[in-house]
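One is the number of the first residue; the rest follow in order along the sequence. Numbering of ligands and ligand atoms starts at 1, following listing order.
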Amino acid sequence: MLPSELKTIVVMGVSGSGKSVVGSLLAEKLEGVFEDGDDFHPPANKAKMSSGTPLNDDDRWPWYAVLRQRIEDMRHLTPYYVLACSALKPIYRDKLRAHDAEGTLEFVLLDGTKELIAERIGARKGHFMPPALLDSQLATLDPTPDVLRVSIDQTPEEIVADILKTLEATA
Ligand SMILES: Nc1ncnc2c1ncn2[C@@H]1O[C@H](COP(=O)(O)OP(=O)(O)OP(=O)(O)O)[C@@H](O)[C@H]1O
Ligand SMILES: O=C(O)[C@H](O)[C@@H](O)[C@H](O)[C@H](O)CO
């Protein structure tokens, strides 16, 4: 049984960690709504990443403002909103959490080795994010103790089961 106050689950992590695949599966399992944060990047951000340049705080703040608004909007439209977004720094997670009551929103980090993520990102075709940016993503990632961590060294279905077990344990 998930905590009754839980409304939003942010599936976070570096590029290639599986946020889109796992997040959509999790939302399906919860009969909730999934959205991919990448769909809300301004074109300039996508162009910058595609050119092999990492985003900086100035690039990300307007994006996180849009994502925070989605969290607020979706609260009235679904029992569970699953958002996939990198949320690499604590300051970004604070922005997404805003002044939400304790337990309303949980961050779940898709946790894996650089080698495993590089293998997966390398096998992916037709995505705007170059594998070369993985190092900067890993260097920027700063998980704090409040972030729930789930290993990605298993199938997407097993990861979703792991996430649900981990969330139930917070109840
Ligand atoms: N558990 C898994 N086992 C095997 N392959 C996986 C797993 N999860 C995701 N993948 C594959 O790894 C690649 C990256 O997954 P995905 O696109 O979901 O990552 P992401 O974190 O959303 O990336 P980005 O942030 O760059 O959009 C995809 O090709 C996906 O099919
Ligand atoms: O915070 C960031 O640097 C960006 O959000 C990236 O993580 C992209 O969103 C995504 O990972 C690439 O597809």
Hey, does the side chain of T78 reach the backbone of Y81 with a donor-acceptor pair shorter than 3.5 angstrom?
-> no
Can A84 be said to touch ligand 1, with heavy atoms closer than 4.0 Å?
-> no
Quick one: does Y92 get a heavy atom under 4.0 Å from ligand 2?
-> no
Around atom 10 (C) of ligand 2, find the nearest protein heavy atom and jot down its residue, atom name and distance.
-> D38 OD1, 3.5 Å
Is there a heavy atom of K125 sitting under 4.0 angstrom from any atom of ligand 1?
-> no
Is the closest heavy-atom distance from V14 to ligand 1 below 4.0 Å?
-> yes
Identity and separation of the nearest protein heavy atom to atom 2 (C) of ligand 2 = R60 NE, 3.3 Å
Do any nitrogen or oxygen atoms of T155 lie less than 3.5 angstrom from nitrogen or oxygen atoms of ligand 1?
-> no
Looking only at heavy atoms, which two atoms of R75 and R68 are closest? And how far apart?
-> NH1-NH2, 4.3 Å
Are any of the side-chain nitrogens in R70 or D39 under 4.0 Å away from the carboxylate oxygens of its partner?
-> no
Should you measure from each heavy atom of H127, which atoms of ligand 2 turn up under 4.0 Å away?
-> 13 (O)
Look at atom 7 (O) of ligand 2 and say which protein heavy atom is nearest, naming residue and atom and giving the distance to 0.1 Å.
-> Q137 OE1, 3.0 Å
Got the closest protein heavy atom to atom 25 (O) of ligand 1, with its distance?
-> K19 NZ, 2.6 Å
Minimum-distance protein heavy atom relative to atom 18 (O) of ligand 1 | V21 N, 3.0 Å
Considering heavy atoms of the protein only, find what lies nearest to atom 4 (C) of ligand 1 and give residue, atom and distance to 0.1 Å.
-> R120 NE, 3.4 Å
Atoms of ligand 1 less than 4.0 Å from I159 heavy atoms?
-> 1 (N)
D162 versus T166, closest heavy-atom pair with distance = O-OG1, 2.7 Å
Backbone N or O of D153 within a donor-acceptor pair of the S151 side chain at under 3.5 Å?
-> yes
What do we get for H127 next to ligand 1 when only non-hydrogen atoms under 4.0 Å count, side chain, backbone, both or neither?
-> side chain
Value rounded to 0.5 Å, distance of CD in E5 from OG1 in T170 | 7.0 Å
Hey, are K114 and D135 close enough for a salt bridge, meaning a charged N less than 4.0 Å from a carboxylate O?
-> yes
Is ligand 1 less than 4.0 angstrom away from at least one heavy atom of G13?
-> no
Determine yes or no for a side-chain-to-main-chain donor-acceptor pair under 3.5 angstrom, with Y64 supplying the side chain and D94 the backbone.
-> no
Answer yes or no: is there a side-chain heavy-atom contact under 4.5 Å between M12 and Y92?
-> no
Would you kindly specify which portion of V22 sits under 4.0 Å from ligand 1, judged on non-hydrogen atoms: side chain, backbone, both or neither?
-> neither
Any sub-3.5 Å donor-acceptor pair from Q137's side-chain atoms to S15's backbone N or O?
-> yes
Looking at M49, which atoms of ligand 2 are within less than 4.0 Å of one of its heavy atoms?
-> 4 (C), 6 (C), 8 (C)
Evaluate whether atom NZ of K48 has more than 12 neighbouring non-hydrogen atoms of other residues, nucleotides or ligands under 6.0 angstrom away.
-> yes
Taking atom CG of L110 and atom CZ of R120, what is their separation to the nearest 0.5 Å?
-> 9.5 Å
Salt bridge present between D146 and R97 (N-O < 4.0 angstrom) | yes
Any G16 heavy atom less than 4.0 Å to ligand 1 | yes
Starting from atom 1 (N) of ligand 1, find the nearest protein heavy-atom neighbour and note its residue, name and distance.
-> Q154 O, 2.9 Å
Indicate the atoms forming the closest heavy-atom contact of I117 with G112, along with that distance.
-> CD1-O, 3.7 Å
List the closest protein heavy-atom neighbour of atom 26 (O) of ligand 1: residue, atom name, distance to the nearest 0.1 Å.
-> S15 OG, 2.7 Å
Between D38 and ligand 1, which residue portion shows a heavy-atom distance shorter than 4.0 Å: side chain, backbone, both, or neither?
-> side chain
Take atom 9 (C) of ligand 1 and look for protein heavy atoms under 4.0 Å from it; say yes if you find one, no if not.
-> yes
May I ask you to identify the nearest protein heavy atom to atom 22 (O) of ligand 1, giving residue, atom name and distance to one decimal place in Å?
-> S20 OG, 2.8 Å
Nearest neighbour in protein (non-hydrogen) for atom 5 (O) of ligand 2 | S86 OG, 2.9 Å
Give yes or no for whether the N/O distance cutoff of 3.5 Å, strictly under, is met between G18 and ligand 1.
-> yes
Which atom names give the shortest non-hydrogen contact between N45 and L55, and what distance separates them?
-> O-CD2, 3.7 Å
Min over M12, M129, K89, H41 of heavy-atom distance to atom 12 (C) of ligand 2 lands on M129
Hey, is the main chain of V108 close enough, under 3.5 Å, to the side chain of R149 for a donor-acceptor pair?
-> no
Nitrogen or oxygen atoms of R124 and ligand 1 under 3.5 Å apart = yes
